[in-house]
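Heads up, the thing below is written out as structure tokens.
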There are 2 protein chains.
Amino acid sequence: MRIKEGNKEKDILEAAIKVFAQNGFHQSTMAQISEQASVATGSIYLYFPNKKEILQSIFDMLWNNLFETFDTVTSNDKLSPAEKLDGMIDLLFDRFIENPSLAIVFVNEQNHLLFDDKNPFTNNYQRFLDRGIELVRNGIERKEFWGEVDLTIFKYFIFGAVRNLLHLWAQNPDKYNLNTIRKNVKYLMKHGLVA
Amino acid sequence: MRIKEGNKEKDILEAAIKVFAQNGFHQSTMAQISEQASVATGSIYLYFPNKKEILQSIFDMLWNNLFETFDTVTSNDKLSPAEKLDGMIDLLFDRFIENPSLAIVFVNEQNHLLFDDKNPFTNNYQRFLDRGIELVRNGIERKEFWGEVDLTIFKYFIFGAVRNLLHLWAQNPDKYNLNTIRKNVKYLMKHGLVA
DNA sequence: TCTATTATTGAATTATTATTCATTATTAGC
DNA sequence: GCTAATAATGAATAATAATTCAATAATAGA
């Protein structure tokens with residue numbers, strides 16, 4: 001018998017995140033990923049059926065993880081809807097601050113996948129976003145939020161904004177301070193630009 | 001002698017926008033583009049040196065055009081900074097409302113290009129964004145806008161939000177009303193979510 | 001009508017790379 | 001130490017698709 005050495009599946013996923021972030025999914029080759037992961041090219045296929053599923057696994061992991069963590073924030077009933085929204089922003093930022101490459105892959109590659117087929121990760125992603133929607137609905141009911149806001153539109157508004165800022169930061173983590181970005185996002189989300 | 005029939009360059013560009021929107025840049029083949037444009041595959045190379053330059057030409061056209069049009073809005077001194085910002089939103093929305101496919105291509109493919117090489121369209125794109133920044137700076141000086149806002153962060157914030165909403169709409173123009181989206185964007189940008 | 005010139009064609013070429021698979025390496029249990 | 005099983009390898013295969021180019025078509029001017 002022979003037992004698997006180390007955790008190659010994890011190595012490959014982490015290598016893929018780096019390579020995808022650097023070159024984009026379609027420009028990345030299996031050879032690059034295997035080199036980055038220090039395994040043979042063929043070995044990747046012992047862990048993943050094909051290149052696309054590597055990408056899907058990345059998002060699977062990400063949203064599964066985020067959804068679960070987010071539950072902690074929303075179930076705390078001492079917090080107001082606005083505070084919970086802030087918590088949601090924090091969660092996203094904290095998740096990506098550990099891994100700028102993951103932020104880049106997320107921003108650049110997820111959309112394609114979202115509209116392609118029925119991807120398994122889509123569920124977790126949608127569940128995550130839906131929790132945010134609930135928060136906003138609740139805030140409107142309590143008259144804490146502007147009543148004319150369309151929930152879906154707000155969802156895409158704030159998520160697009162956050163994504164774009166994460167991307168900016170991830171391309172150049174030393175140039176921008178993620179906490180400054182975070183503070184601005186929270187303020188703009190709640191109060192907008194006009195003084 | 002023989003003269004070129006019709007405007008094949010334009011036909012190819014328009015075909016490419018459709019094909020890129022449907023399949024994404026990397027999944028699109030020259031054969032698909034040539035079929036959509038009703039020309040032979042080889043003919044594309046009479047007008048564009050390669051596939052990538054087709055994409056670049058699309059953005060070249062877009063931002064050149066938008067920057068020039070935007071000059072009209074900013075040079076009108078009767079308008080306040082907030083009104084000018086609204087005008088900028090209108091301009092973007094109007095440009096894409098004619099061509100949802102172009103919106104999809106913009107959202108999905110521009111980022112890759114932006115960080116790849118020094119693309120010629122980047123200039124026009126940046127010039128466009130910089131005009132927006134000027135507006136905000138001006139609004140802050142007149143104390144009309146929140147003074148703590150970081151100009152770069154706001155730029156990425158609002159642009160990410162708009163992009164994401166354009167994409168949502170472009171994927172399904174019949175389901176979402178772009179004018180509702182537009183109204184929500186303008187409000188959220190200026191006053192945020194909190195009532 | 002003929003010819004020179006340029007436009008267009010699409011099959012052939014070429015390059016790239018995802019995926020396969022025959023071979024080799026490793027080790028758990030005996 | 002031997003063996004049976006599985007892990008890992010990386011060169012060979014196969015498929016895809018960008019790009020080229022020899023052949024053909026069209027037309028302006030003579």
Side-chain angles (χ1 to χ4, degrees), chain A residues 1-60 105 108-110 112-113 116-117 119-120, chain B residues 1-60 105 108-110 112-113 116-117 119-120:
Chain A
M1 259 258 269
R2 186 183 183 182
I3 218 99
K4 287 178 180 175
E5 325 151 359
N7 190 341
K8 288 216 169 48
E9 184 171 338
K10 186 162 159 276
D11 292 349
I12 293 167
L13 274 181
E14 282 171 4
I17 290 171
K18 276 205 190 111
V19 175
F20 290 161
Q22 195 134 77
N23 311 102
F25 176 73
H26 293 285
Q27 263 88 15
S28 301
T29 69
M30 296 303 256
Q32 286 173 310
I33 295 170
S34 65
E35 198 196 339
Q36 174 77 40
S38 305
V39 300
T41 308
S43 299
I44 296 180
Y45 289 87
L46 299 172
Y47 297 91
F48 299 93
N50 55 56
K51 187 178 159 189
K52 199 169 180 181
E53 291 234 356
I54 302 177
L55 189 59
Q56 288 183 347
S57 299
I58 291 170
F59 293 127
D60 240 2
V105 177
N108 281 335
E109 315 298 344
Q110 180 170 302
H112 296 290
L113 240 49
D116 263 12
D117 349 289
N119 289 118
Chain B
M1 262 258 271
R2 185 184 181 183
I3 218 103
K4 286 179 183 174
E5 324 152 359
N7 190 341
K8 289 217 166 49
E9 183 171 338
K10 188 162 159 272
D11 292 347
I12 292 168
L13 274 181
E14 282 171 3
I17 291 172
K18 278 203 188 111
V19 174
F20 290 162
Q22 196 134 78
N23 310 102
F25 176 72
H26 293 287
Q27 264 86 12
S28 302
T29 68
M30 298 302 258
Q32 287 173 310
I33 296 169
S34 64
E35 198 196 336
Q36 174 77 235
S38 306
V39 299
T41 308
S43 299
I44 296 179
Y45 290 86
L46 299 171
Y47 297 91
F48 300 93
N50 56 53
K51 188 177 157 189
K52 198 168 180 182
E53 290 236 354
I54 301 177
L55 189 60
Q56 289 182 346
S57 298
I58 290 170
F59 293 127
D60 239 2
V105 176
N108 281 334
E109 316 297 345
Q110 179 170 303
H112 296 289
L113 241 50
D116 264 12
D117 346 291
N119 288 120

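Chain naming here is simple, since letters A, B, ... match the order of the sequence lines and numbering starts at 1 in each. Computed from heavy atoms alone, side chains included, the values below leave out hydrogens, waters and symmetry copies. Predicted, not measured: the structure shown is a model, and the values here were computed from it.
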Mind calculating the distance between [atom1] ([X]) and [atom2] ([N]) to the nearest angstrom?
X     : N      : atom1 : atom2 : value
B:F48 : D:dA18 : CZ    : P     : 15 Å
B:E35 : D:dA18 : CD    : P     : 14 Å
A:M30 : D:dA15 : CE    : C1'   : 15 Å
A:N23 : C:dT17 : CG    : P     : 11 Å
A:N7  : D:dA7  : CG    : C1'   : 14 Å
A:K51 : C:dT16 : NZ    : C1'   : 11 Å
A:Y45 : D:dT13 : OH    : P     : 17 Å
B:Q27 : C:dA18 : CD    : C1'   : 14 Å

Which nucleotide in the set C:dT20, D:dA17, D:dT19 lies at the smallest distance from any side-chain heavy atom of B:T29?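 From the listed options, D:dA17 comes nearest.
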
| query | Distance-only, no hydrogens or angles: does the B:K52 side chain make a donor-acceptor pair with backbone N or O of B:L113 under 3.5 Å? | reply |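 Answer holds: no.
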
Worksheet item: Under the salt bridge (charged side-chain N to carboxylate O under 4.0 Å, His left out) test, which residues partner A:E14, sequence neighbours left out?
Response: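 Only A:K10 meet the salt bridge (charged side-chain N to carboxylate O under 4.0 Å, His left out) criterion with A:E14.
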
> Within less than 4.0 Å of OP1 or OP2 of C:dT8, is there a side-chain N or O belonging to B:Y47?
Replying inline: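 Yes, such a contact exists.
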
Partners passing side-chain contact (heavy atoms from CB on, under 4.5 Å) against [X] (at least two apart in sequence or in another chain):
X     : value
B:E35 : none
B:A21 : B:S101, B:I104, B:V105
A:S34 : A:V39, A:T41, A:I44
B:S38 : none

Give me the distances for all protein-to-nucleotides 9-11 of chain D N/O pairs that come in under 3.5 Å?
from, atom 1, to, atom 2, distance (Å)
D:dT9, OP2, A:A40, N, 2.9
D:dT9, OP2, A:S43, OG, 2.5
D:dG10, N7, A:G42, N, 3.2

